[in-house]
Amino acid sequence: MSVQKPSLPKGTRDFGPLQMARRNFILDTIKDTFKLFGFQQLETPAMENLSTLTGKYGDEGDQLLFKILNSGDFLKNVSKGDLDAGAQSILPKVSEKGLRYDLTVPFARYVVMNRNEISFPFKRFQVQPVWRADRPQRGRYREFYQCDADVVGTDSLLCELEIILMIKRVFSKLGIKDYHIKINNRKILTGLSEVIGEAGREGELCVAIDKLDKIGWEKVQEELAQRNFSPYAIEKLSPIVNLMTGNEGRLDFLKKYLAASETGLNGIAELEELFSMLQTYGEDQEHVDFDVVLARGLSYYTGAIFEAKVNHVSIGSVSGGGRYDNLTGVFGLEGVSGVGFSFGVDRLYDVLEELGLFPEENPENTKVLLTYFDTKGFGYGLKVLNELRSAGIAAELYPDQTKIKKQLTYADKKQIPFVIILGDNEIEAGNVSVKELSSGQQETLSLEELVKKWK
RNA sequence: GUGGUUGUAGCUCAGCAGGUUAGAGCGCUGGUUUGUGGCACCAGAGGUCGCCGGUUCGAAUCCGGUCUUCCACCCCA
């Protein structure tokens with residue numbers, strides 16, 4: 001057997017110690033926030049039955065699913081005819097499981113399967129990797145973590161309010177100051193398409209209009225025309241594009257603009273109530289922007305839609321979500337309304353790195369390294385090690401008997417701030433010499449004094 | 001899925017009008033300094049030049065394929 005070069009599958013990556021410390025900083029902040037708001041943690045398997053996954057994400061989504069080959073003789077059900085018919089007819093016979101594509105569908109599956117045990121409204125959060133057979137690029141991987149929080153079983157707009165509050169809290173804890181939370185309502189989009197005389201085409205409308213920031217109104221007009229939107233509709237849309245600033249101003253304008261659409265007015269009313277609740281809660285509208293053209297995964301959202309973006313960074317949105325009135329319907333449980341959102345940890349990581357917001361110190365690092373010269377020192381070191389750890393101080397003993405120089409270099413490389421040197425003098429006197437590597441200062445004191453100092 | 005881009009030492013990269021033994025910086029190992037790291041100086045180890053094939057007397061260098069990296073579009077976290 002020849003030696004092979006180690007490699008990683010496309011779109012995946014390792015997380016080294018530094019990255020893990022930083023990721024945990026982000027994940028802990030998010031989890032703490034979810035818990036603070038009363039969400040409980042759920043985990044589901046990495047793999048789901050393919051029947052659970054397919055058909056939930058549209059045709060494109062189905063193609064991006066990672067499928068798992070059946071074990072054993074996976075060809076046993078495949079006939080000559082299937083081979084001729086191509087991949088489409090072979091697939092269901094060779095694969096019956098797939099890797100989860102997001103956390104929302106497995107959650108819906110869980111809710112339906114456990115509907116008798118769950119007391120509604122049910123608030124859960126889930127932090128797990130998901131897999132997509134996408135083509136990787138910046139901020140986009142084939143394996144990445146999602147942090148979902150969802151509430152099912154209530155129509156209350158309190159859920160929407162809390163999503164805004166949680167995003168605000170997480171960003172604030174992470175030190176992100178310059179960002180905005182875009183918010184819209186699917187009903188407003190529906191109203192929009194009704195008012196411009198293209199009822200039912202809000203999906204197409206949004207795909208085009210969503211690009212406004214990127215390509216400008218001119219190009220959007222072209223695309224709309226290409227999609228066979230009437231000149232009247234396009235003309236009617238133009239005031240939306242240059243909508244005045246301020247959430248109230250936009251709402252007032254749309255109230256008149258959407259007067260002919262009951263659904264549209266409903267959406268406006270929901271947003272107004274949301275803003276009013278925000279005020280009563282004692283939070284201002286800073287960072288919260290009503291964005292009429294915000295679209296997002298229209299396949300299942302039915303009410304509010306959210307998206308959070310950090311300003312002046314090269315990464316896309318880092319959080320998104322919305323209300324879906326009937327997610328569990330496909331699994332046979334009707335009438336369970338849900339609302340949820342998700343943080344993209346990987347993208348948040350890139351954002352914090354780009355903004356230089358990670359804490360300098362690694363809080364997970366060892367505090368002190370014990371160094372020694374000979375077997376006597378090693379034995380003494382073991383005792384000191386035990387004492388330090390018992391006092392809750394992260395300590396390690398250098399495993400090999402070698403030159404002090406090498407041991408110090410190890411501490412230096414690992415960015416361990418303190419070193420204890422254990423030689424004959426210290427052993428005899430029963431104390432320790434502690435050296436702070438950054439300053440080079442060294443002092444000799446008893447173990448009790450040291451523990452007290454670091455408490 | 002479409003278009004482009006990248007691959008040389010552990011890392012970042014140079015070398016590429018085809019021509020003896022493939023280089024640098026950083027890192028690594030050892031020494032100057034056998035109870036004290038960072039700095040300096042000295043020495044050393046480490047590469048089938050992504051993989052397969054072709055052109056050629058001769059390929060890291062040219063050509064084809066393949067994999068990989070990154071980017072734009074699509075879509076999305």
Side-chain angles (χ1 to χ4, degrees), chain A residues 2-13 16 26 30 57-64 100-104 127-148 203 206-208 210-211 214-215 219 223 295-299 306-310 314-321 340-351 369-374 376-377 398 401-428 432-444:
Chain A
S2 65
V3 179
Q4 54 170 354
K5 266 193 184 168
S7 63
L8 231 39
K10 202 186 193 122
T12 69
R13 58 256 203 270
I26 298 172
I30 293 172
Y57 311 105
D59 287 346
E60 288 208 15
D62 284 356
Q63 298 213 319
L64 297 180
R100 79 167 95 78
Y101 179 89
D102 70 359
L103 300 178
T104 310
V127 177
Q128 290 189 272
V130 302
W131 294 268
R132 295 182 188 178
D134 218 345
R135 193 176 282 206
Q137 51 182 273
R138 178 157 180 76
R140 183 191 258 182
Y141 308 95
R142 286 186 158 178
E143 179 187 67
F144 62 97
Y145 274 73
Q146 283 191 333
C147 308
D148 272 31
C206 290
V207 169
D210 205 35
K211 296 174 186 161
K214 261 187 194 165
I215 62 176
K219 295 266 181 189
E223 182 161 344
R296 291 194 60 82
L298 284 152
S299 42
F306 305 93
E307 189 168 293
K309 225 181 141 337
V310 180
S314 57
I315 321 286
S317 66
V318 293
S319 176
F341 78 115
S342 175
F343 284 106
V345 205
D346 302 279
R347 286 189 174 182
L348 274 172
Y349 185 102
D350 291 343
V351 165
L369 174 75
L370 309 191
T371 67
Y372 56 94
F373 299 95
D374 48 28
K376 208 162 58 165
Y398 197 83
Q401 185 177 318
T402 174
K403 278 180 269 197
I404 279 289
K405 176 175 170 147
K406 197 164 179 193
Q407 303 183 46
L408 285 171
T409 306
Y410 170 80
D412 210 30
K413 285 281 145 58
K414 205 168 164 182
Q415 294 188 335
I416 298 172
F418 293 96
V419 168
I420 288 179
I421 298 166
L422 304 167
D424 289 343
N425 299 341
E426 288 81 6
I427 298 171
E428 219 163 285
V432 294
S433 292
V434 186
K435 183 183 174 112
E436 184 174 11
L437 286 181
S438 59
S439 64
Q441 274 181 353
Q442 188 166 334
E443 58 179 334
T444 304

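B/rA59 and B/rC70: their C1' atoms are spaced 27 Å apart (whole Å). For the P atoms, the distance linking B/rU55 with B/rC16 amounts to 26 Å, nearest Å. Separation of the C1' atoms belonging to B/rA17 and B/rC71 is 30 Å when rounded to the nearest angstrom. B/rG31 and B/rG35 have their P atoms separated by 11 Å, given to the nearest Å. Separating the C1' atom of B/rU21 from that of B/rU48 is a span of 16 Å, rounded to the nearest Å. Going from the P atom of B/rC76 to that of B/rU5 covers 28 Å, rounded to whole Å. When the C1' atom is compared between B/rA24 and B/rG46, the two are found 15 Å apart, to the nearest whole Å. On the C1' atoms, B/rC13 is 23 Å away from B/rG4, given to the nearest whole Å.
Rounded to a whole Å, the CD atom of A/Q137 is 13 Å from the P atom of B/rU69. Atom pair A/R100:CZ and B/rC76:C1' shows a separation of 18 Å (rounding to whole Å applied). Here B/rC75 presents its P atom at 19 Å from OH of A/Y57, a figure rounded to the nearest Å. In this structure, the CZ atom of A/R142 is 14 Å from the C1' atom of B/rC75, given to the nearest Å.
Here the closest non-hydrogen pair linking A/K10 and A/R142 is O-CD, 3.2 Å.
With A/L370 as reference, A/I420 is the one residue of A/I421, A/V432, A/I420 to meet the side chain to side chain contact (heavy atoms under 4.5 Å, CB included) rule.
Contact of the A/V419 side chain with the A/Q442 side chain is not registered, since no non-hydrogen atoms from C-beta on lie closer than 4.5 Å. The closest side-chain heavy-atom distance from A/V130 to A/L103 is below 4.5 Å.
Remark: A/Q146 CD to A/F341 CZ distance equals 12.0 Å, nearest 0.5 Å. Put simply, OH on A/Y141 and CZ on A/R347 are 9.0 Å apart, with the number rounded to the nearest 0.5 Å.
A/R347 contributes a side-chain N or O that forms a donor-acceptor pair with the base of B/rC76 under 3.5 Å.
Within 6.0 Å of atom CD in A/Q401, more than 12 heavy atoms from other residues, nucleotides or ligands are found, so the atom counts as buried in its surroundings.
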- Task: Dot-bracket notation for RNA chain B is requested: 5' to 3', Watson-Crick or G-U wobble pairs only, both distances under 3.5 Å, with ( ), [ ], | and . as defined.
- Result: ((((..(..((((.....[...)))).(((((.......))))).....(((((..]....))))))..))))....

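Between the side-chain ring of A/F343 and the base of B/rA77, no stacking contact exists by the 5.5 Å and 30° definition.
Donor-acceptor pairing under 3.5 Å is recorded for the side chains of A/S433 and A/E426.
Of the two residues near RNA chain B, A/R135 and A/G344, the one whose nearest nucleotide lies more 5' is A/R135. Both A/T12 and A/E143 lie close to RNA chain B; mapped to their nearest nucleotides by heavy-atom distance, the more 5′-ward contact belongs to A/T12.
Aromatic ring pairs are classed by plane angle as parallel below 30°, tilted from 30° to 60° and perpendicular above 60°; the pair A/Y410 and A/Y398 is perpendicular.
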- Item | Letter per nucleotide, 5' to 3', of nucleotides 31-42 of chain B [B base touched, S only sugar-phosphate touched, - untouched; heavy atoms, 4.0 Å] | S---BBBB----

